[in-house]
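Per chain, numbering begins at 1; letters A, B, ... match sequence-line order.
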Number of protein chains: 2
Amino acid sequence: MDNERPNLTEDDTELDEETLFIVSQTFKALGDPTRIRILNLLAERECAVSEISDKLHLSQSTVSHQLRFLKNLRLVKFRRAGTSIYYSPDDQHVMALLHQAIHHACHD
Amino acid sequence: MDNERPNLTEDDTELDEETLFIVSQTFKALGDPTRIRILNLLAERECAVSEISDKLHLSQSTVSHQLRFLKNLRLVKFRRAGTSIYYSPDDQHVMALLHQAIHHACHD
DNA sequence: TTATTATATGAACACTTATTCATATAAGTC
DNA sequence: GACTTATATGAATAAGTGTTCATATAATAA
């Protein structure tokens, strides 16, 4: 655990290119309503592709494409169970960002 | 100030359309490297358009367009001083999201 | 093996978006 | 007034994105 004081040695100069890329990629991932809905559902519980499809009224293809997107960014993980594949969140930092944003949007 | 306990009555069911729109708009705003750089600079200190242009090596037009975008979402505010217009952040929630994301990107 | 079920994938398309260029507006100076 | 400086804006363009359709893959059951 870090100490409580803000880190005064850390300045706010220009961000390096890699950080900029990671941060923008992360926010882009959260910048689409479909992906938000999927992540919000997965936050509740692990789901198979078909469950996501059904619950959110999205085509199987759309869900699969978006899950690939989220998987590439390591925002979700998956496990196989027979012919089904169950997805769940895999980045607690990003999920925390999402929940904060949702909370603010609901209460402001 | 709210109490410390997580709100157990709040469930994670489907988000309403308005919340979904606000959240996705917010994250879209943070999903572009140029806007991230601008907000990160403004976090340090209030800047005129030309200062942003110079510091970030962006055209005046690009900066102006992006500031309009951020202004429309009420993420920045501005004040006039002669012919210059000084911009600064206007949404501490969103700035907090940005700082968190940057922090995570730098340290993971 | 064949058939079925669940998921993934590639191509096409419509739509969105970030930047540039040219120009407009607005305040200050002479 | 004319001129300069700072910023805003509209149109055009190139690049990116989300969905759909058709099809492929993979596991299972018969």
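A 4.5 Å side-chain heavy-atom check between Leu30(A) and Leu30(B) finds every atom pair outside the cut-off.
Here Ser84(A) lies in heavy-atom contact (under 4.0 Å) with sugar-phosphate atoms only. If you check every strand for non-hydrogen atoms under 4.0 Å, Ser59(B) touches sugar and phosphate atoms only. Within 4.0 Å (heavy atoms only), Thr62(A) reaches at least one base atom of the nucleic acid. When heavy atoms are screened at a 4.0 angstrom cut-off, Tyr87(B) is found touching the sugar-phosphate backbone but no base atom. Using a 4.0 Å heavy-atom cutoff across all strands shown, Ser50(B) reaches sugar-phosphate atoms only and no base atom.
At dT20(D), none of the side-chain N or O atoms of Gln60(A) fall inside 4.0 Å of OP1 or OP2 (strictly under the cut-off).
Taking atom CD1 on Ile85(A) and atom P on dA26(D), their separation rounds to 11 Å, with Å as the unit. Between Lys28(A) atom NZ and dG16(D) atom P the separation is 9 Å, expressed in whole Å. Arg68(A) has its CZ atom 13 Å from the P atom of dT19(D), to the nearest Å. The interatomic distance linking Phe78(A) (CZ) with dA26(D) (P) rounds to 13 Å, in whole Å.
Ring pair His93(A)/His104(B) is parallel by interplanar angle, where below 30° counts as parallel and above 60° as perpendicular.
Enclosure of atom CZ in Arg74(B) is not indicated, since only 12 or fewer non-hydrogen atoms of other residues, nucleotides or ligands lie within 6.0 angstrom.
For Arg37(B), the salt bridge (charged side-chain N to carboxylate O under 4.0 Å, His left out) partners are Glu14(A), not counting sequence neighbours. Partners of Arg80(B) by salt bridge (charged side-chain N to carboxylate O under 4.0 Å, His left out), not counting sequence neighbours: none found.
When DNA chain C is scanned 5' to 3' for any atom under 4.0 Å from a heavy atom of chain B, the first and last hits are dT17(C) to dG28(C).
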